[in-house]
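To keep things clear, I will list the structure first and then write my remarks on it.
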Protein chains: 4
Amino acid sequence: MSKGEALRDRTAALIVDSAAALLARSGETASMEDIATAAGIGRATLYRYFANRDELLRAMASASVEELAVQIGEADLDNAPFDEALTRLTRAIIATGSKYLALSRDGVGLTNAHPDADKALIQPVRGLFRRAIAEGSLRDGLSPDLLMSLYSGLVRGALGAGSDRRLGVEEMVATIVTVFLHGVRAKG
Amino acid sequence: MSKGEALRDRTAALIVDSAAALLARSGETASMEDIATAAGIGRATLYRYFANRDELLRAMASASVEELAVQIGEADLDNAPFDEALTRLTRAIIATGSKYLALSRDGVGLTNAHPDADKALIQPVRGLFRRAIAEGSLRDGLSPDLLMSLYSGLVRGALGAGSDRRLGVEEMVATIVTVFLHGVRAKG
Amino acid sequence: MSKGEALRDRTAALIVDSAAALLARSGETASMEDIATAAGIGRATLYRYFANRDELLRAMASASVEELAVQIGEADLDNAPFDEALTRLTRAIIATGSKYLALSRDGVGLTNAHPDADKALIQPVRGLFRRAIAEGSLRDGLSPDLLMSLYSGLVRGALGAGSDRRLGVEEMVATIVTVFLHGVRAKG
Amino acid sequence: MSKGEALRDRTAALIVDSAAALLARSGETASMEDIATAAGIGRATLYRYFANRDELLRAMASASVEELAVQIGEADLDNAPFDEALTRLTRAIIATGSKYLALSRDGVGLTNAHPDADKALIQPVRGLFRRAIAEGSLRDGLSPDLLMSLYSGLVRGALGAGSDRRLGVEEMVATIVTVFLHGVRAKG
DNA sequence: AAATAATCGAGACGGTACGTCCTGTCTTTGG
DNA sequence: CCAAAGACAGGACGTACCGTCTCGATTATTT
């Protein structure tokens, strides 16, 4: 029954999009009824697609993860020097930025959201940093995980700044990459 | 009636502390009844101190702001060279870290929480960065606000990393300051 | 949607009955939660049927009025001599007695409870007394309204006495009618 | 310390009066705070005089009982023929009528209100009816208790009618006594 | 007249009922 | 046969009241 499943998936995606738009506006508020109405469906139908409010949130996160995973995949991090790879990665993240930010603001762990999150997101990035460490281009004492946390914080900070002031995407990318690279680079 | 007010303030502080401890454990869950019980008071009394759940959350944020403001005040940022001042600032923030992190995770805006938040927190830090810019020790094209966002992201990222892995305070401080300074420094 | 409304009405009637039984036992006490539990439903559902405690009370009164109105209608007061009509009326009231008593004990005005209370209850009885006056079978100086008050008091008194001591229905009816019609003096 | 007790009793009486007036207006509503304010005292003081809302209600009933007992005592029921005694009794009750009515409307049993209620109120009246029975002036089959219930209902009914329409006291007394004694039929 | 005791108000506190709102699970109806 | 509509139980929220309590302040009483 591939046709029914396809329809179901399309509806689910529609709900997720509509919910994302609503939550971006209203924040954590917004009842399930509101979400259903915003999606143009009944509350019961919403529950038929997502058993929980939590599950809906996770589905939203999962959508972000997937979108981001595609972008990262296209960035082809492995086949570019570290600097270029980092620039591409940053550009990919910023492009999916708003959703990424909205999700990370709420308590939803992106990592738990999607079964492949680890494989599709964490692994490539960690691999990138691991490679840079192996190449000796980074300062000592910085583990891959710590690097990821710092980098993630930097991106998030820039995104926060970008949402207030109007910053062009390329401007943000350049700033992040420059600051991070000079900050962690071996020779200083 | 300074004595009555003093008692009231002390009780309110006790409630805020107890609630902070509980929420740190249970996350956003935990009903007002739970919070009251954890504080050893009745639900009605809790509502006599804080009209709303929101008001309680704001009070918690306000407490964090105040605590952090004291730490920053003691850091005496103006009378130290930039590097040293930044180290002190980072140490102050990390010291108040857990609460700062817990609050920032929830939707409570720290800035809106306390009337003096801007004066006591934002201004000194912005001043520090402004001074560094004036001294010419930072790279061009980095506004004070952008610097604050990047720095804040870096701190938050390090705090997130520190809560998972066990990182010593000084270790975290050193990492943050080093990465940030090399990242933004002029000559790079 | 006549079926849904019918179900709703049936449920409402069930709640009213169950509440009447409970209040007859527990008096004015008994929380809405208790009433809901006694009716075998949740508190929220109870509030979906009756917005207020007051509205529930009014519904109980209204039910009494309706029941009594039916009984009085069946008594066919107009087509019987005064003595017989009064006997039938008294029997009708006593039959609905317990509820009538319980409601009249609380502050709920029976008259305000039901839109047709006046037409269905007051009018027929007043008509009966008016007819008796017109027939000249009653002493002078007794207005229909005063007669109704006295009769009502007598019935209520007898009901009160009947609930304590065990008096058969027919015994009570006979006593009320006899006393009201002939007076207490032996030959008067 | 008879002086202190006297003052206390006077204050208590004042509270009871004020509360009676307030409750007559507002019905069962009216919080303890309202009652205290109406009496011109603080809530704590009110509770110092009456531990419960119930106790206050009972005190109000008790005051009525006492007042009525005095009136009945002065009526000297034993030293008058039945007709005259009943007239005096009715006059006494009607005189204290409003309070008697207000109390009997609420759930407060007058009998339980005052320790001497039975002795001061019930006994004399029952004695009156018992005497009438013994004299053979009443119809058979009417126990003293039933007579009291019927008489009480009649009085209450007349009081209810009197509060709506404007009926003079003597008019009401005459009607009650006449109806009760002679019945409503023209010549019976 | 000064010290002491009783009484007052003011109001905080624990507890509980109320009425509202939302969640997650159902049944019932219609396309 | 699945959608939309909506009823239901449960529970949290914020409000209001009750009965208990402690605290100063204002009285009366006592020495």
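Reminder, nothing fancy here: chain letters follow the sequence lines and each chain counts from 1.
Atom CD of D:Glu28 is separated from atom P of F:dC17 by 14 Å (rounded to the nearest Å). In this structure, CG of B:Leu7 is placed 15 Å from C1' of E:dA10, rounded to the nearest angstrom.
Under the side chain to side chain contact (heavy atoms under 4.5 Å, CB included) test applied with A:Leu57, the options A:Asn52, A:Val16, A:Leu23 reduce to a single match, A:Leu23.
Here the side chain of B:Ser26 pairs a donor or acceptor atom with the backbone of B:Leu22 at under 3.5 angstrom. A donor-acceptor distance shorter than 3.5 angstrom exists from the side chain of C:Asp34 to the backbone of C:Ser31, with no hydrogens or angles considered.
For B:Thr11, the side chain to side chain contact (heavy atoms under 4.5 Å, CB included) criterion is met by B:Leu7, B:Ile15, B:Tyr49, not counting sequence neighbours. Partners of D:Thr37 according to the side chain to side chain contact (heavy atoms under 4.5 Å, CB included) rule, which considers only residues two or more places apart in sequence or in another chain, are D:Glu33.
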Base versus backbone protein contacts along nucleotides 12-18 of chain E [heavy-atom cut-off under 4.0 Å; B, S, -]: BBBB-BS

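Take the nearest nucleotide of DNA chain F for D:Ala51 and for B:Ala51: the residue whose nucleotide is more 5' is B:Ala51.
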